[in-house]
Amino acid sequence: MREYHGNGKISNIYESPSQIITNLVLPAGEALPTHHAPYHVTVVSVKGETIFKGQDFEAHLEPGKLIQMTPDELHSLTAITDSELMVIKSKLAE
């Protein structure tokens, strides 16, 4: 068992050939433009409130909520308040 910690900045806190976990920290009003990743992605809200947009949905994320996406799904997000999220990108076995 190993323990990993975010550092209060945008940083990868764990990387392996099949998974990357990123601690995403965004101040209120900051946005990430539309993008995609070649992974299955789970975004878990840790702190604050963000608006998460996909091609066919819009969600209000706050602590205790999460979003899951398939590879290459387009998405964007905007921090409503100072926010922290854990982004888990995984290459799942087929």
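Just so you know, residue 1 is the first one in the sequence shown, and it goes up from there. Please read all numbers here as calculations on a predicted model, not as lab measurements.
Interatomic distance, CG of L74 versus NE2 of H36, reported as 6.5 Å (0.5 Å rounding). Distance check, rounded to the nearest 0.5 Å: CD of Q55 to CE of M69 gives 11.5 Å. Atom NZ of K53 and atom CD of E58 lie 4.5 Å apart (nearest 0.5 Å). One distance of note links CD of E15 with CD1 of I20; it measures 5.0 Å at 0.5 Å rounding. Taken to the nearest 0.5 Å, the OG atom of S45 stands 7.5 Å off from the CD atom of E62. To the nearest 0.5 Å, the span separating CG on L77 from CD on E30 amounts to 9.5 Å.
Scored by the side chain to side chain donor-acceptor pair (under 3.5 Å) test, S18 finds no partners at all (sequence neighbours excluded).
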Inset, instruction - Show your working on side chain to side chain contact (heavy atoms under 4.5 Å, CB included) between L61 and I67 and close with a plain yes or no. - result: CA-CA 8 Å; L61 283 181; I67 295 287; 3.7 Å; yes
Inset, instruction - List the steps, then state whether side chain to side chain contact (heavy atoms under 4.5 Å, CB included) holds for V44 with I88. - result: CA-CA 8 Å; V44 181; I88 303 139; 4.2 Å; yes
Legend entry - Stepwise side chain to side chain contact (heavy atoms under 4.5 Å, CB included) check, V25 with K9: CA-CA 5 Å; V25 179; K9 300 177 185 175; 5.7 Å; no
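With L32 as the fixed residue, the side-chain contact (heavy atoms from CB on, under 4.5 Å) test singles out one of T50, T78, L24: L24.
Looking only at side-chain heavy atoms (C-beta outward), I51 and I80 come within less than 4.5 Å of each other. Side-chain atoms of I21 and Q19, non-hydrogen and from C-beta on, do get closer than 4.5 Å to each other.
Counting all heavy atoms, side chain and backbone alike, P38 lies closest to P71 at C-CB, 4.0 Å. Summarising the geometry of K89 relative to A37, their closest heavy-atom pair is CD-CB, 4.4 Å, with the distance given to 0.1 Å. Heavy atoms only, all atoms of each residue included: P63 and V46 are closest at CG-O, 3.5 Å. Here the shortest heavy-atom pairing between T81 and E49 reads OG1-N, 2.9 Å. Pairing each heavy atom of P27 with each of A79, the nearest pair is O-CB, 3.4 Å. Between I13 and H5, the shortest heavy-atom distance links the atoms CG2-O, 3.4 Å.
Applying the ring pair (Phe, Tyr, Trp, His ring centres under 6.0 Å) test to every pair with at least one member in residues 41-85, sequence neighbours left out, gives these pairs: H35-H75, F52-H75.
A donor-acceptor pair shorter than 3.5 Å can be found between the side chains of N12 and T22.
Counting non-hydrogen atoms of neighbouring residues, nucleotides and ligands closer than 6.0 angstrom, the NZ atom of K47 reaches no more than 12 such neighbours.
N23 places no side-chain N or O within 3.5 Å of a backbone atom of M86 that could act as its donor or acceptor partner.
Cluster membership check: L85 shares its hydrophobic cluster with Y39, using side-chain heavy-atom separations under 4.5 Å among Ile, Leu, Val, Met, Phe, Trp and Tyr.
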